There are 2 protein chains.
Amino acid sequence: MITAIIVDDHPLFAEGLKAMFKASDGIEIVEHTKNGNELPCILRNTQVDLILMDIDMPIMDGIATMELLKKEGFNIPILMLTMHQSMRKIKNSLEKGAQGYILKDASKPELVEAITKTSLRQNYFHPKINDQVFDYFRGRKSARAEADELSEREREIIECLAGGMNTKAISEALHISEHTVKTHRRNIMYKLDVKTSAELVKLAIEKGIIDIG
Amino acid sequence: MITAIIVDDHPLFAEGLKAMFKASDGIEIVEHTKNGNELPCILRNTQVDLILMDIDMPIMDGIATMELLKKEGFNIPILMLTMHQSMRKIKNSLEKGAQGYILKDASKPELVEAITKTSLRQNYFHPKINDQVFDYFRGRKSARAEADELSEREREIIECLAGGMNTKAISEALHISEHTVKTHRRNIMYKLDVKTSAELVKLAIEKGIIDIG
DNA sequence: ACCTGAATACCCCAAAAGTGGTATTTGCTA
DNA sequence: TAGCAAATACCACTTTTGGGGTATTCAGGT
């Protein structure tokens, strides 16, 4: 029997999963928390085989929670659970040491497979994102990967734009010249193929390049 | 025993709910579909006491599905299920005749209460949105309702902006003068308290004023 | 050593956005 | 019917964007 703890801010979803697994599945959700902060405390009192972690949570998201766990010295396989197939989030999760990545619109058998593999420290990718990940690590220029070719600096610029800053404000915030900000913005617009900053922000949110909350 | 059908594009969530309800709850999820289009067909073959409907779905969302049901002549209580507490979506749902409105971060007892009341054709609002709804229908100017005071036309303008259109393009698309577009945009920016169109779009998405897909 | 991507910075200039006003018409409702 | 909100439209003006270039530096990989 694989024991798991679920970290998700939606009680209904968590309780639903808990109720869904029967003994015949060989999986049991033994704990649930809405808050990443509480995880270390819970893990010190409860032995689990893996952590089922939602990425998109208020206050402390899945990525931040993973960092906390690493800092506290925990080494339990983590299966990331998310709604969006954002290459950036997948990348961040893997860099932080996640063992698997599955979408919330997966089916039960898929989740069972993901949990089973992850608990054995085998990697698991949901089929829907498999190709994407492949392409990314192969050529870094698949059809839907353009958005993820943005550099960290460019992402910063987008975040500033979404925050209502104009060229001057951004240049001051990032300690660079206004010229540079304009160059970055222009490059981003070219890469994302948009005509205005407004559309740029919309697309960035849509593709998960920046977060809203 | 209350029988319900769930319309949600996330199989895991739906299956979870299905598994969560025991006979002692007096509720049974008898059917599940990811697609609003299939609902009429299913309902003709299956007798249910209520429909548990997710608002945010790809292709055909909850609001559109309700319209379809009405057109087809169905009259089954509908409990809307959503992640976001967007006043606009609440308003739209109620206008289309939804019986209740509950958030996905509700607890199981809350959902049981919501389903029970809704099946008896009593209205149900999740506590988290109750105050918001009250304020809205009382004075239409509560603290967090400013965003929802936007007119339909203003929302159209935002959608155009998010689509990358400039003043001229918008004026042509909506058959109004560029002056009018500028006036609308200015009013929206004043209402939402933003300084740029980029921030305007971000806030509109954040508050659920416009949808992304 | 060479190439490439990323970050930086500059030029010019037309077009658009943003800011300050005012004003008319229409439809709803108190 | 008087009042109000919403949609419409206009003027004048400053600031910012967006699009066309070019160029240097620096880090990483072949």
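For clarity, every value in this text was computed on a predicted model and none was experimentally measured. A note on names: the letters A, B, ... follow the listed sequences, proteins ahead of strands, and every chain is numbered from 1.
Applying the 4.0 Å criterion to OP1 and OP2 of dA9(C), one finds that T180(A) has a side-chain N or O inside that range. Contact annotation: T196(B) side-chain N/O to dA17(C) OP1/OP2 distance is not under 4.0 Å. The phosphate of dT8(D) (OP1 or OP2) has no side-chain N or O of H179(B) nearer than 4.0 angstrom. Residue S177(A) places at least one side-chain N or O closer than 4.0 Å to OP1 or OP2 of dA9(C).
Atom CZ in R153(A) sits roughly 8 Å away from atom P in dA7(C) (whole-Å rounding). One atom, NE2 of H175(A), and another, C1' of dA9(C), lie 17 Å apart when rounded to the nearest Å. Straight-line distance from the CZ atom of R155(A) to the C1' atom of dA7(C): 15 Å, rounded to whole Å. In this structure, NZ of K168(A) is placed 16 Å from C1' of dG18(C), rounded to the nearest angstrom. Put simply, CG on N166(B) is 11 Å from C1' on dT17(D), counting in whole angstrom units. Atom CD in E152(B) sits about 17 Å away from atom C1' in dG27(C), given to the nearest Å. Straight-line distance from the CG atom of L161(A) to the P atom of dA17(C): 15 Å, rounded to whole Å.
The base of dG19(D) has none of its N or O atoms less than 3.5 Å from a complementary donor or acceptor on the side chain of R185(A). Taking 3.5 Å as the limit, the base of dG18(C) and the side chain of K195(B) contain no donor-acceptor pair of atoms between them. Contact annotation: side chain of R186(B) to base of dG21(C), donor-acceptor pair present below 3.5 Å.
Cation-pi geometry between K104(A) and F13(A) is met: the NZ or CZ atom falls under 6.0 Å from the ring centre, inside 45° of the normal.
End-to-end axis angle of the helix from dA1(C)-dT30(D) to dA30(C)-dT1(D), from C1' rotation axes over five pairs per end: 50° (rounded to 10 degrees).
The residue K182(B) sits close to a base: some heavy atom pair falls under 4.0 Å. Contact annotation for T183(B): base contact, defined as any heavy-atom pair under 4.0 Å involving a base atom.
The 12-atom threshold is not exceeded at NZ of K117(B), counting heavy atoms of other residues, nucleotides or ligands nearer than 6.0 Å.
Remark: K202(A) does not engage E199(A) in a salt bridge, criterion side-chain N to carboxylate O under 4.0 Å. Salt-bridge annotation for K71(B) and E67(B): absent, with no side-chain N of the basic residue lying under 4.0 Å from a carboxylate O of the acidic one.
Checking each of I158(A), D193(A), V194(A) against L203(A) for a side-chain contact (heavy atoms from CB on, under 4.5 Å) leaves exactly one that passes, namely V194(A).
The shortest side-chain heavy-atom distance between L52(B) and I78(B) does not fall under the 4.5 Å cut-off. Here the side chains of L79(B) and M53(B) are not in contact, with every heavy-atom distance at 4.5 Å or above.
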